[in-house]
Amino acid sequence: MKLLTLLCLLFGITTNILAQENEASINEGHDLVVNRQMGNCLACHLIQGEDGPGNYGPPLIAMKDRLPDRTVLFDQIWDATQKNPNTSMPPFGKNMILTKEEIDKIVSYLLTL
């Protein structure tokens, strides 16, 4: 019984730590999305509740429903020219505008929209 209690306690602590790390990653992703020197997503995309022209690219809404596979969303941000060579979206990863870690945080944030 003590072992079960200890395991439950450890699992609860681990779950809490992971939730805090995920929340921090989401918050950092948001900051990258709205930062004009980094992602600057608002220059082209509408995000509800954010200030920006956002009338060129598709609105970033219901992202988890539209792109449930985070790899697809990551790849789109990394290099949108892979699927559409004529896209006007910059290849943020391929051109080293953003790192893999930064794009991963942006994906985490976008999937909350």
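Note: hydrogens, waters and symmetry copies are ignored here, and every other heavy atom, side chains too, is used.
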Drop me the distance from Ile26's CD1 to Glu28's CD, to the nearest 0.5 angstrom. 11.0 Å

Determine the minimum heavy-atom distance between Tyr109 and Gly29, stating which atoms define it. CB-C, 3.8 Å

Should Leu46 and Ile77 be regarded as members of a common hydrophobic cluster, given that ILVMFWY residues are connected when their side-chain heavy atoms come within less than 4.5 Å of each other, either directly or indirectly? no

CG of Asn27 to CG of Asn22: how many Å apart, nearest 0.5 Å? 9.5 Å

How far does CD of Gln48 sit from CD of Glu50, to the nearest 0.5 angstrom? 10.0 Å

What pair of heavy atoms forms the shortest contact from Leu73 to Leu111, and how long is it? CD2-CD2, 4.0 Å

If I compare all heavy atoms of Leu42 with all of Pro53, which pair ends up nearest, and what's the gap? O-CD, 3.4 Å

Below 4.5 Å, heavy atoms only, C-beta onward: do Asn95 and Pro90 meet side chain to side chain? no

Give the intermediate values and the outcome of side-chain contact (heavy atoms from CB on, under 4.5 Å) for residues Arg66 and Ile61. CA-CA 8 Å; Arg66 292 172 47 206; Ile61 57 172; 4.3 Å; yes

Is there a side-chain contact between Thr87 and Thr81, using heavy atoms and a 4.5 Å cut-off? yes

Value rounded to 0.5 Å, distance of NE2 in His30 from OG1 in Thr112: 9.0 Å

Less than 4.5 Å apart, any side-chain heavy atom of Phe92 and any of Leu32? no

Tell me if a side-chain donor or acceptor on Asp69 pairs with a main-chain N or O of Thr71 at a distance below 3.5 Å. yes

Tell me the closest heavy-atom pair linking Ser25 and Ser108, and the distance in Å. OG-OG, 4.0 Å

Between CD1 on residue Ile97 and CD on residue Gln37, distance to nearest 0.5 Å: 12.5 Å

Closest contact, heavy atoms only, Gln76 versus Met89: O-CE, 3.8 Å

Report the distance from atom CD1 of Ile47 to atom CE of Met63, rounding to the nearest 0.5 Å. 9.0 Å

Verify same cluster id: Val72, Leu110 (apolar side-chain graph, 4.5 Å): yes

Report yes or no: does His45 contribute a side-chain atom to a donor-acceptor pair with the main-chain N or O of Pro58 at less than 3.5 Å? yes

Using a cut-off of 6.0 Å, state whether more than 12 heavy atoms not belonging to Asp51 lie near its atom CG. no

Look at the side chain of Arg70 and the backbone N and O of Asp104, then say whether any donor-acceptor pair between them is shorter than 3.5 Å. yes

Contact summary for Lys100 and Phe74, nearest pair of heavy atoms: O-CE1, 3.5 Å

